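Reminder, nothing fancy here: chain letters follow the sequence lines and each chain counts from 1. What you see below is based on every heavy atom in this structure, not just the backbone, and it leaves out hydrogens, waters and symmetry mates. Keep in mind it's a predicted model, so treat the numbers as computed, not measured.
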Protein chains: 2
Amino acid sequence: MQSMLTGSTNTENKQSVSAVQRIERGLLEEIGAGELAPGQRLDEAGLASRFGASRTPVREALSRLTAQGVLVQGEKRGVFVAEYSREQLSQMFEAMHEIEAACARIVAQRLDFLSRSEIEAAQAGCVKAAEAGDRTEYLRANEAFHQAIYKATGNPYMAEIASEFRQRTGPFRAKKFASREDLLSSAQSHQALLDSIFSKDAAAASKSMRDHMAVSFLETLKAN
Amino acid sequence: MQSMLTGSTNTENKQSVSAVQRIERGLLEEIGAGELAPGQRLDEAGLASRFGASRTPVREALSRLTAQGVLVQGEKRGVFVAEYSREQLSQMFEAMHEIEAACARIVAQRLDFLSRSEIEAAQAGCVKAAEAGDRTEYLRANEAFHQAIYKATGNPYMAEIASEFRQRTGPFRAKKFASREDLLSSAQSHQALLDSIFSKDAAAASKSMRDHMAVSFLETLKAN
DNA sequence: GGATACTATTTTGTATGCAAATCAATTTGT
DNA sequence: ACAAATTGATTTGCATACAAAATAGTATCC
């Protein structure tokens with residue numbers, strides 16, 4: 001009778017996402033999408049009612065996101081969506097720069113067939129979105145592209161920190177890509193990077209990624 | 001009258017550390033010192049009574065440390081001190097490798113007088129501890145040395161992730177340095193690195209750091 | 001004797017309540 | 001009229017309580 005309620009099918013059970021996880025994911029999504037702007041204050045009670053939970057899980061989620069650097073604790077009161085000065089943005093991008101370049105170097109040295117397919121598929125998605133001029137779709141495809149590269153390092157820790165920085169800079173990068181030309185240009189830059197990687201030239205791969213990131217940084221600065 | 005009690009002098013007020021912070025720091029310290037070994041299970045209630053607090057702040061601290069990767073959630077029940085297989089250790093060190101090398105490269109390009117003094121002071125501490133054969137002191141000095149380099153990058157985010165990896169690998173690296181020779185050798189390796197950095201040779205600095213880290217990794221593997 | 005089912009205990013996740021801290025606003029004094 | 005102070009309203013941090021989940025232990029049945 002209540003067996004239907006107590007849990008979904010045992011096979012493939014998605015381990016009944018805890019409220020904390022729901023809230024954490026939800027917030028990340030909203031921040032990533034720019035719905036919660038940098039500098040915005042987050043009210044515990046408000047979030048609690050909005051997510052249909054009590055303050056306790058909200059608190060835990062905020063805590064974790066703060067530890068990840070997505071949120072910051074204000075001087076006195078309140079938790080805020082992390083907001084970075086231009087100097088901080090610049091420093092953050094420098095760090096991203098280094099990490100992404102390291103990823104590219106590693107991938108160039110260690111690429112296997114499966115990863116190559118995945119990366120190529122992701123790039124195909126980027127090209128398609130760029131040609132269609134679909135900005136939203138390109139943002140998603142671009143994300144997948146970079147994630148594919150991280151994954152191809154075969155090193156979950158590299159992937160982890162790279163993803164973390166991506167998340168932290170996400171709200172700022174989200175303002176990029178004003179025109180269809182920007183999308184096409186970005187996709188082209190991807191292709192240059194892939195050429196280096198697929199030719200297993202670690203130094204060239206690293207440099208291509210640096211170039212790509214440098215452009216990305218400039219665009220981001222312009223947009224913020 | 002009570003002005004003495006309500007707060008220490010308003011200048012330099014240490015903003016009355018919250019219980020969460022006390023617990024978080026305490027756990028980090030114990031883990032770093034190896035008192036809490038990798039794989040050890042952490043009991044919420046136990047920690048609560050041990051730190052003289054309730055489960056709520058303990059929970060928050062555990063949550064944050066989990067987000068930082070210092071702790072991991074077990075399959076079903078319990079939070080554990082992160083424990084890494086040899087493969088995972090290897091991957092973690094590879095990531096550290098890359099980050100530390102990037103730091104060295106940046107520092108070589110950007111070294112200012114103050115940072116140089118700080119690094120040299122830290123290195124002096126390492127040499128002194130090594131010559132004295134004081135392992136405990138060397139571990140501390142070595143930590144200070146690496147932190148000085150991170151700081152010298154002028155990039156808090158690079159410093160942050162580098163520190164994070166240092167923290168995560170800390171319990172494993174702590175088993176290194178069996179003999180006085182090991183200490184001296186490590187200090188010598190530092191010196192080579194500094195020579196590269198001070199000569200502003202970014203490529204050489206990066207390579208020196210890689211060499212240093214490679215040795216560190218091998219020693220760590222042997223000890224674990 | 002071994003396996004399965006049922007109960008009990010430990011443990012986690014969430015809710016609520018309360019006290020201390022911070023911010024805002026009104027009032028008071030000069 | 002403006003600065004300082006006091007009061008009032010949010011809001012945070014922590015503690016406790018309770019319910020659901022999971023493991024361990026026990027008993028029962030074959």
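For D:dT16, the base has a donor-acceptor partner in the side chain of B:T56 [N/O atoms by modelled type, under 3.5 angstrom]. No donor-acceptor contact under 3.5 Å links the side chain of B:R55 to the base of D:dT16.
Atom pair B:D43:CG and D:dA22:P shows a separation of 18 Å (rounding to whole Å applied). For A:L47 and D:dT10, the CG to P distance is 18 Å, given to the nearest whole Å. Rounded to whole Å, atom P of C:dT11 lies 6 Å from atom CZ of B:R41. Straight-line distance from the CD atom of A:E44 to the P atom of C:dA15: 13 Å, rounded to whole Å. Rounded to whole Å, the distance from CD on B:E60 to C1' on D:dC14 is 9 Å. Rounded to whole Å, atom P of D:dC14 lies 14 Å from atom CZ of B:F51. Regarding A:E24, its CD atom lies at a distance of 16 Å from the C1' atom of C:dT14, rounded to whole Å.
For B:S54, a side-chain nitrogen or oxygen approaches OP1 or OP2 of D:dA15 to under 4.0 Å. For D:dT16, neither phosphate oxygen OP1 nor OP2 lies less than 4.0 angstrom from any side-chain nitrogen or oxygen of B:R59. Between A:R77 and C:dA24 there is no side-chain N or O to OP1 or OP2 distance below 4.0 Å.
Backbone-only contact: A:A53 has heavy atoms under 4.0 Å from sugar-phosphate atoms and none from a base.
A:L47 contributes atom CG, which lies 8.0 Å from atom CD of A:E30 (distance to the nearest 0.5 angstrom). From B:L221, atom CG reaches atom CZ of B:F93 across 7.5 Å, with rounding to the nearest 0.5 Å.
The closest side-chain donor-acceptor pair between B:Q73 and B:T66, if any, does not fall under 3.5 angstrom.
The side-chain contact (heavy atoms from CB on, under 4.5 Å) test with B:I119 is passed by exactly one of B:L193, B:I197, B:I149: B:I149.
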